[in-house]
Amino acid sequence: MTVRVRFAPSPTGKVHIGNLRAAIFNWLFARHEGGAFLLRVEDTDRARSTEEAIRVLLEALRWVGLDWDEEPVYQSKRLGEHLAAAKRLEKGGRAFLQPPRVSFWALLEAGGLEGVPGEAAAFLERLRREEESLRSAHREAFEEANARRPKKKQRAYMEPLLFHIPPGDSGKAALHFRLPHPWEESAFLRDSGEVRTLGVDPRWPVLVSARGMEFIPAARVKEGTPLERAVFELEQRSLCGFLGLEILGEGERVLFDLEKEKEGIEAGRVLAVPGARALRFRRRIAAYHDLVKGDLGKPAEGLKNRVLVRSDGTPVFHLANVVDDHDMEITHIVRGDDHVENTYWHVLLFEALGWKPPLYGHLPMIVNDQGRPLSKRDGDVYVGEYKKKGILPEALFNYLALLGWSPGDDREKVDREEMVRLFTLERVISTPARFDMKKLLWLNSLYLREKPASELAELVLPFLEEAGIRLGAGDRPLLEGALELERERIQTLEEFPAAAGFFFSDGVEIRREEKKVRKVLEAPETPGVLEDLRKILSELQDFSAANLEAVLRKYAEEKGLGMGKVSQPLRVAVTGGVVSPPIGETLALLGKEKTLERVEKLLEELGR
RNA sequence: GGCCCCGUGGUGCAGCCAGGUUAGCACAUCGGCCUUUCAAGCCGGUAACACGGGUUCGAAUCCCGUCGGGGCUGCCA
């Protein structure tokens, strides 16, 4: 089997660094396996997915050197396939239409109020009238509880499900995916053998239908709370985790046995079981093997049926994803950790469509200092910002690849080919990683040192322009020379103009505001030294770095001065500051004419 | 709240599955050397197995519990 992986971003005009890392891991995996790396543009949000946004996306991938193997697939063009798959599920009984104004009342009505004792029916009526007051009671209770929580654990208020009226055009129905019934086989659901009981509120009937079940867990409703004041949420669960389900009443009396009602349920009956105290069932576990995290599983009684097609007729992300992954013959899905929980139902969806799901691996998230997922508030989260900062794509690639993966030894700088050779998902770890800009900068300086000056020159041009430095037609050798000298002194291309601008300017502004500069200028021997050097340098024929170095050293020795007393005044004259590459190299590159001009000018300023 | 995932210095990784060094490497930080400045380079220092039990001659490693962080819990993607 040939490995086929994909990177499936939605184009928003910016590429998040976490997405880029996912792309890198996919690419490395594909290249290591000799497989294909594909692109799928999830452009179903037409408002944001402009052509410009798509261009930015592709450009970012090219920038870090990720190439893809086939024409990108545009999700927006595949609406027909998505809907066809949904239709197929509906026909096969694995999806059902449900009108949008779903509420407990509606469901009760659909099934009739038969089985609900008169007392409960009257109570429903009362509740219906008091809906508003209940709603605010719920809200109040929530706000109160929320205020007591530590800030980090606070949640946004959500309407209680009991009164939840999902948005959507009234009159239209959303298509729901139905998880397997307990009597249906599934490769991703297994009998755990463990018997569980789950308390339910006896004041409320449990509803069982082919769509799943609805109940209020007793744990949510405190003992003795008047029902009309109770803060509870209706659970809408699929049946899939409830093997051998029995609904128990007072004294463990069996009120309902799912096995016996199978046929009625399949025929579409909605059963209301009043007076229930507990659900007893054998637990089924939803499970899949994650290539990064190992065997993963969760109790399937927590699984819910999910919306596949919205009431406006558009497929949800998950459906589109699964259908596209199948049609693109994707074999491995490598994506962010935030999709782990979705995977349980994605594999079930594949299965329901009669397809074999791909293998999944989930990458740990990149987090900020607070351990939260990197967001735009943290700054520098988009690929473009790194480019703008003068980070080399090789460095970013290297850094990102090592965030959550390692070649297994202590190497930090690993080139692309080596990574391709060594990459395995097995070596991806599952702990979230913090983004460390300082380490990126360090890696960047390493790559800066080894890139040919001619390439660097090309890359640094925009930064020079940004700094207002214009190069003459014949300045290319000068630029490359300056890069050779400065490359190991800077960490990013962005720093180059400030460090080497003096090579390209006509004159130079002495930075007297700097203490160290003043100290050099005010040194008593400075004027004399500069006068001597003016003479010596003007008579010098061989203006090479080596010779300059030798001449200056000889002069310092003769005068009994430290080399610093000679080089620093020159440096100030020529660069305006006290920092530059070795003085010989600097003067040689700058050239005799400019050097003398600048020394002359400084002497004038010093009144000589 | 429920379920799932994760916990090695300030940070990233190695070590964990197959228990046995002084817990290794790198970034950052501090100090020193080199030195004409700035870098680079070299040498050295500070600093970690979240906590508590258990198993064992021996636990970062296996088991249980606790705590902490994150994810999911939408007709968002």
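Reminder, nothing fancy here: chain letters follow the sequence lines and each chain counts from 1.
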What contact category does [X] fall into here, base, sugar-phosphate, or nothing, at under 4.0 angstrom with non-hydrogen atoms?
{"X": "A/V578", "value": "base"}
{"X": "A/L552", "value": "nothing"}
{"X": "A/R411", "value": "nothing"}
{"X": "A/L403", "value": "sugar-phosphate"}
{"X": "A/H362", "value": "nothing"}
{"X": "A/E486", "value": "nothing"}
{"X": "A/G404", "value": "sugar-phosphate"}
{"X": "A/P373", "value": "sugar-phosphate"}
{"X": "A/N342", "value": "base"}
{"X": "A/G297", "value": "sugar-phosphate"}

So, does [X] get its side chain near the phosphate of [N], meaning an N or O under 4.0 Å from OP1 or OP2?
{"X": "A/R427", "N": "B/rG15", "answer": "yes"}
{"X": "A/S406", "N": "B/rA14", "answer": "yes"}
{"X": "A/K439", "N": "B/rC13", "answer": "no"}

Please state the C1' separation for the pair B/rC25 and B/rC17 - nearest whole angstrom.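 These two C1' atoms come out 22 Å apart once rounded.
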Look at the side chain of [X] and decide which nucleotide, out of [options], has an atom nearest to it.
{"X": "A/K293", "options": "B/rC5, B/rC27, B/rG41", "answer": "B/rC5"}
{"X": "A/R306", "options": "B/rC13, B/rU73, B/rU36", "answer": "B/rU73"}
{"X": "A/P299", "options": "B/rC5, B/rA28, B/rC4", "answer": "B/rC4"}

Residues A/V574, A/L602; criterion side-chain contact (heavy atoms from CB on, under 4.5 Å); working and verdict: CA-CA 9 Å; A/V574 144; A/L602 179 56; over 6 Å; no
Do A/Q568 side-chain atoms and A/G564 backbone N/O form a donor-acceptor pair below 3.5 Å?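 Such a contact is absent between A/Q568 side chain and A/G564 backbone.
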Between [atom2] on [N] and [atom1] on [X], what's the gap in Å once rounded to a whole number?
{"X": "A/L303", "N": "B/rC4", "atom1": "CG", "atom2": "P", "value": "12 Å"}
{"X": "A/D338", "N": "B/rC3", "atom1": "CG", "atom2": "C1'", "value": "17 Å"}
{"X": "A/D409", "N": "B/rC13", "atom1": "CG", "atom2": "P", "value": "15 Å"}
{"X": "A/M365", "N": "B/rG71", "atom1": "CE", "atom2": "C1'", "value": "7 Å"}

Between the base of B/rG24 and the side chain of A/D410, is there a donor and acceptor pair under 3.5 angstrom?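 For A/D410, whose side chain was compared with the base of B/rG24, there is a donor-acceptor pair (under 3.5 Å).
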Check if the side chain of A/S580 and the base of B/rC38 share a donor-acceptor pair of N or O atoms closer than 3.5 Å.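 By the distance-only test, no, there is no pair.
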Should [N] form a Watson-Crick or G-U wobble pair with both distances under 3.5 Å, which nucleotide is its partner?
{"N": "B/rA60", "result": "none"}
{"N": "B/rG10", "result": "B/rC27"}
{"N": "B/rU35", "result": "none"}

Pick the nucleotide of RNA chain B nearest each of A/R571 and A/S10; which residue has the one closer to the 5' end?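 Nearest nucleotide further toward 5': that of A/R571.
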Taking for each residue the nucleotide of RNA chain B with the nearest heavy atom, is it A/K565 or A/R310 whose nucleotide lies nearer the 5' end?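 Taking each residue's closest nucleotide, the earlier one in sequence belongs to A/K565.
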Can you confirm whether the side chains of A/T492 and A/N444 place a donor and an acceptor under 3.5 Å from each other?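 Checked: A/T492/A/N444 side chains show no N/O donor-acceptor pair below 3.5 Å.
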Give a yes or no on whether the ring-centroid distance for [X] and [Y] is below 6.0 angstrom.
{"X": "A/F188", "Y": "A/Y344", "result": "no"}
{"X": "A/F25", "Y": "A/W405", "result": "no"}
{"X": "A/F96", "Y": "A/F177", "result": "no"}
{"X": "A/H318", "Y": "A/H346", "result": "yes"}

